[in-house]
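Indexing begins at 1, ligand by ligand and atom by atom, following the structure's order.
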Amino acid sequence: MDKISIAVPCYNEEPALDPFFAAVSAVAEQMPGVEFEFLFIDDGSRDGTLEKILELSRRDSRVKYISFSRNFGKEAGIYAGLENATGDYVVIMDADLQDPPALLPEMYRAVTEEGYDCVGSRRVTRKGEPPIRSFFARLFYKLINKMSDAEIVDGARDFQMMNRQVVEAILSMGEYNRFSKGIFGWIGFRKKWLEYENIERVAGETKWSFWKLFLYAIEGIVAFSTTPLVISSVFGLLCCALALVMIVVVIVRTLVFGDPTSGWPSMVCIMLLLSGIQMLGIGIVGQYLAKTYLETKHRPIYLVRQTNIEGK
Ligand code: UDP
Ligand code: MG
């Protein structure tokens with residue numbers, strides 16, 4: 001009998017957990033012949049999420065959990081889920097029911113009968129999201145796909161079902177700075193996409209502020225592309241070329257017209273512009289250096305405080 005593990009990263013999801021568990025259990029019942037395992041990853045929640053999970057695990061022996069020592073972020077939650085899932089197929093799912101459990105049977109069919117390794121989901125609308133956020137999200141996907149060789153699909157959710165091979169592939173990417181959307185795109189394999197309309201979360205609120213999303217976008221670009229370094233080098237070269245031309249122009253002008261001192265304000269503007277560009281360049285290099293620094297420390301991706309998984 002096949003076993004499906006549902007890995008659920010949870011951060012402050014107390015009100016969402018009961019409806020989530022009920023909804024997924026209902027779908028599980030419609031799939032006889034498949035064993036289910038629930039793996040809740042409590043990502044250092046500050047509300048009653050852990051108590052709720054403990055209650056579920058007492059009620060239902062299919063419920064496993066890992067509770068982190070602090071908030072490590074959703075990426076770490078996903079990694080812990082994949083690392084500890086024991087199923088033949090693993091599904092990553094949000095706790096807020098924005099990932100429709102009704103897609104599970106179709107996903108299972110695709111990986112067992114249609115020969116896919118992985119079934120992803122993408123929302124084709126962004127209903128209920130602030131327009132500015134949608135605009136920048138679209139822009140981000142355009143940019144990163146130009147810059148990176150990992151295919152990152154607009155609107156792709158983390159909600160997906162994958163077979164063991166794909167799980168092992170993702171786990172083999174042991175980087176500390178985990179940008180899952182990039183990792184999922186980078187590994188390749190045969191992936192089927194299911195599309196659905198955006199669904200608003202059932203309870204609680206989103207953990208993503210605009211600022212957090214912005215930082216996440218930069219992280220994604222730094223993690224999956226070195227194009228910004230190329231851009232800053234090319235820009236540096238262009239500035240040098242321009243400066244050489246200017247030097248010749250100024251020398252000729254001084255010799256021919258004898259006016260060496262005018263143009264002071266424009267000089268200040270140019271200096272400001274160029275020092276700004278320099279700072280930006282250093283900043284870009286610094287981003288990569290910082291990430292390299294963090295990687296070289298080989299810190300664990302997450303730390304467990306409490307779990308009901310044996311040998312953990
Ligand atoms: N999440 C997490 N750790 C975090 C932030 C979020 O495990 O630091 C979980 C959260 O509990 C939810 C999922 O990641 O199950 C997606 O978060 P959210 O719904 O806030 O994001 P959105 O759907 O708005 O993109
Ligand atoms: Mg959500």
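Scanning the protein heavy atoms around atom 6 (C) of ligand 1, the nearest turns out to be Lys207 CG, 3.6 Å. Here the protein heavy atom with the shortest distance to atom 24 (O) of ligand 1 is Thr206 OG1, 2.7 Å. Scanning the protein for heavy atoms near atom 1 (N) of ligand 1, the closest one is Tyr11 CB, 3.8 Å. The nearest heavy-atom contact from the protein to atom 21 (O) of ligand 1 is Trp208 CD1, 3.1 Å. Considering only non-hydrogen protein atoms, atom 23 (O) of ligand 1 sits nearest to Gln98 OE1, 2.6 Å. Of the protein's non-hydrogen atoms, Pro9 O, 3.5 Å is the one closest to atom 9 (C) of ligand 1. At the shortest separation from atom 8 (O) of ligand 1 among protein heavy atoms lies Asn71 ND2, 3.1 Å. The protein heavy-atom contact nearest to atom 16 (C) of ligand 1 is Asp94 OD2, 3.1 Å.
Excluding water, every protein N/O/S atom under 2.8 Å from the Mg ion (ligand 2) is given here by residue and atom: Asp96 OD2, Gln98 OE1.
A heavy-atom distance below 4.5 Å is found between the side chains of Ser25 and Phe38.
At most 12 heavy atoms of other shown residues, nucleotides or ligands fall within 6.0 angstrom of atom CE in Met267. The environment of Phe214 atom CZ is sparse: at most 12 non-hydrogen atoms of other residues, nucleotides or ligands sit within 6.0 angstrom.
Residue contacts with ligand 1 for Ile41 are absent, since no atom lies close enough (heavy atoms, distance under 4.0 Å). The part of Glu13 lying near ligand 1 is the side chain, judged by heavy-atom distances below 4.0 Å.
Taking a cut-off of under 4.0 Å to the non-hydrogen atoms of Gly73, the atoms of ligand 1 that pass are 3 (N), 8 (O). Listed by number with element, the atoms of ligand 1 under 4.0 Å from a non-hydrogen atom of Asp96 are 19 (O), 23 (O). Using a 4.0 Å cut-off to heavy atoms of Asp43, the atoms of ligand 1 that qualify are 2 (C), 3 (N), 4 (C), 7 (O), 8 (O).
Taking the ring axis of Tyr196 as reference, the NZ or CZ atom of Arg123 does not stay both within 45° of it and closer than 6.0 Å to the ring centre.
Nearest heavy atoms, Val24 versus Met93: CG2-CE, 4.0 Å. Minimum heavy-atom separation, Tyr79 to Met173: CE1-O, 4.4 Å. A pairwise comparison of heavy atoms in Val90 and Ala85 identifies CG2-CB, 3.8 Å as the closest pair. Scanning both residues, Glu37 and Gly87, for their nearest heavy atoms gives OE1-N, 4.0 Å.
Relative orientation of the Tyr89 and Tyr108 rings is perpendicular, given thresholds of 30° and 60° on the angle between their planes.
Using a cut-off of 4.0 Å between Lys/Arg side-chain N and Asp/Glu carboxylate O, Arg305 and Asp42 are scored as not salt-bridged. For the pair Glu195 and Arg122, the salt-bridge criterion is met [side-chain N within less than 4.0 Å of a carboxylate O].
A centroid separation of less than 6.0 Å is found between the aromatic rings of Phe210 and Phe136. Aromatic rings from Tyr302 and Phe68 are positioned such that their centres are separated by under 6.0 Å.
Residue contacts with ligand 1 include Cys10, since one of its heavy atoms falls under 4.0 Å from the ligand.
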